[in-house]
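These numbers were taken from a predicted model, which means no experiment stands behind them. All residue numbers refer to positions in the sequence shown, counting from 1.
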Amino acid sequence: MSRLPTGDRILLIDDEAQMRGALSRILAACGYRCEQAGTAGEGRELLSGDGFDLVICDLRVSEEGLELLDEIEHRSADTALLMVSGDPSLAQRAGVRGVSAYMIRPFSDDELRTNVALALGHAERKRRRSGSEASGHEAEMLERLNEVIASRDLKTGIHTRAVGRLSGLLAEACGLGEEMVRRIQVAAPMHDIGKIAMPDVILMKPSPLTGAERTFMERHAQIGHDLLAGTGSSVLDLAAEIALSHHEHFDGSGYPRGLAGDRIPLVGRIVAIADVFDALISDRPYRIALSERDALEEMLAQRGARFDPVLLDLFADRFDLMVGDLDGLGG
């Protein structure tokens with residue numbers, strides 16, 4: 001994976017000195033400059049001085065920690081916030097407080113490094129948008145994002161490529177122009193990029209998620225949008241729209257906005273079909289893969305409910321072509 005940015009100043013707020021020390025050592029090895037606080041009060045005192053690029057706050061400091069997040073957001077909008085908690089249900093409460101990323105204990109060193117980079121990147125994009133700056137390095141950005149996805153799980157990397165290919169074929173079947181088809185095929189693999197902020201204990205869980213865990217997991221759609229949006233790249237802007245909309249359901253029962261019918265962007269409706277089909281024919285920690293025909297039948301049972309009926313019919317009519325084009329992706 002590409003080397004993480006270095007030199008950023010990070011404040012660690014955690015009431016366990018051993019944990020603060022461990023986090024500080026991991027981040028210092030990446031080139032970050034860390035300072036520590038054992039209470040929300042100590043954190044406030046340090047924040048009153050020189051600015052920090054990122055605050056990592058463990059919510060074992062409870063309500064006082066949430067209040068501190070509010071203060072940081074209001075006083076220093078440029079400071080990124082990374083929440084740490086043992087309770088996924090706190091994610092929703094922290095999500096409205098400007099939190100850029102969050103982790104659930106226990107987490108690995110790689111999860112820490114990934115989420116720190118995610119939070120700092122989110123804050124940088126906020127600064128660029130406020131200054132009306134645009135980035136034209138879409139190829140480099142896409143390459144780095146694909147590295148992040150593939151490094152987390154090889155099967156996930158195969159899935160993203162399959163979703164890109166199927167989405168491009170379905171976009172072509174819709175009659176979209178050649179350039180738009182190309183953009184969709186390039187952007188669609190980014191649909192679940194927000195899952196890089198999800199902890200392994202949830203992402204790789206071999207059993208159904210609890211209600212709180214599912215609510216936490218569903219935030220990956222918004223996280224993915226925020227990670228990709230605002231660069232000035234037409235492909236990344238499209239990828240941001242896909243990330244936000246591909247879990248919406250045609251009958252309005254999806255997330256995160258509960259959109260229905262044509263209110264769901266066309267690209268989101270296209271990628272929803274490609275994503276679910278490839279997921280159904282792939283092994284997952286909590287179930288074995290379906291056959292291709294069984295997967296199609298399961299999806300047809302949700303025609304007009306989860307899926308756009310016109311698009312699903314196009315997919316079914318060209319099923320052999322769609323499935324044949326997946327040969328050679330591996331997995």
- Item | Point-to-point distance, once rounded to the nearest 0.5 Å, from CG of Asp275 to CD1 of Ile270 | 13.5 Å
- Item | Distance-only donor-acceptor check, side chains Gln222 and Asp226, under 3.5 Å | yes
- Message: My understanding is that only one of Ile10, Ile13, Leu12, Leu46 makes a side chain to side chain contact (heavy atoms under 4.5 Å, CB included) with Glu35; could you say which?
- Response: Leu46
- Message: Is it the case that over 12 heavy atoms from other parts of the model lie below 6.0 angstrom from the CD atom of Glu172?
- Response: no
- Inspect the contact between Arg293 and Glu297 and indicate whether a charged nitrogen and a carboxylate oxygen are less than 4.0 angstrom apart. no
- Query: What's the spacing between Ile281 CD1 and Ser291 OG if we round to 0.5 Å?
  - Reply: 9.5 Å
- Is the shortest heavy-atom distance from the side chain of Ser234 to the side chain of Arg183 under 4.5 Å? yes
- Item | Residues Asp308 and Arg303 bridged, charged N to O under 4.0 Å | no
- Measure the shortest side-chain to side-chain distance between Val55 and Leu47 over non-hydrogen atoms and say whether it is less than 4.5 angstrom. yes
- Could you give the distance from CG (Asp192) to NE2 (His246), rounded to the nearest 0.5 Å? 4.0 Å
- Query: When rounded to the nearest 0.5 angstrom, what distance separates CG in Leu311 from CZ in Phe250?
  - Reply: 8.0 Å
- Counting only heavy atoms not in Glu178, do more than 12 fall under 6.0 Å of its CD? no
- Query: In terms of the angle between their ring planes, are His247 and Tyr255 parallel, tilted or perpendicular, with boundaries placed at 30° and 60°?
  - Reply: parallel
- Query: Got Val271 and Leu166 here, is their nearest side-chain heavy-atom distance under 4.5 Å?
  - Reply: no
- Item | Interatomic distance, Arg25 atom CZ to Asp109 atom CG [nearest 0.5 angstrom] | 10.5 Å
- Message: Do Glu218 and Pro256 have side chains that approach each other closer than 4.5 Å (heavy atoms only, starting at C-beta)?
- Response: no
- salt bridge (charged side-chain N to carboxylate O under 4.0 Å, His left out) assessment of Arg20 paired with Asp15: CA-CA 8 Å; Arg20 294 197 309 271; Asp15 57 8; over 6 Å; no
- Can you find a side-chain donor-acceptor pair between Ser253 and Asp251 that sits under 3.5 Å? yes
- Item | Electrostatic pair Arg269-Asp262, nearest N-O below 4.0 angstrom | yes
- Query: If you measure from CD on Glu241 to CD1 on Ile184, what distance do you get to the nearest 0.5 Å?
  - Reply: 9.5 Å
- Message: Just checking Phe319 against Phe277, ring centres under 6.0 Å apart?
- Response: yes
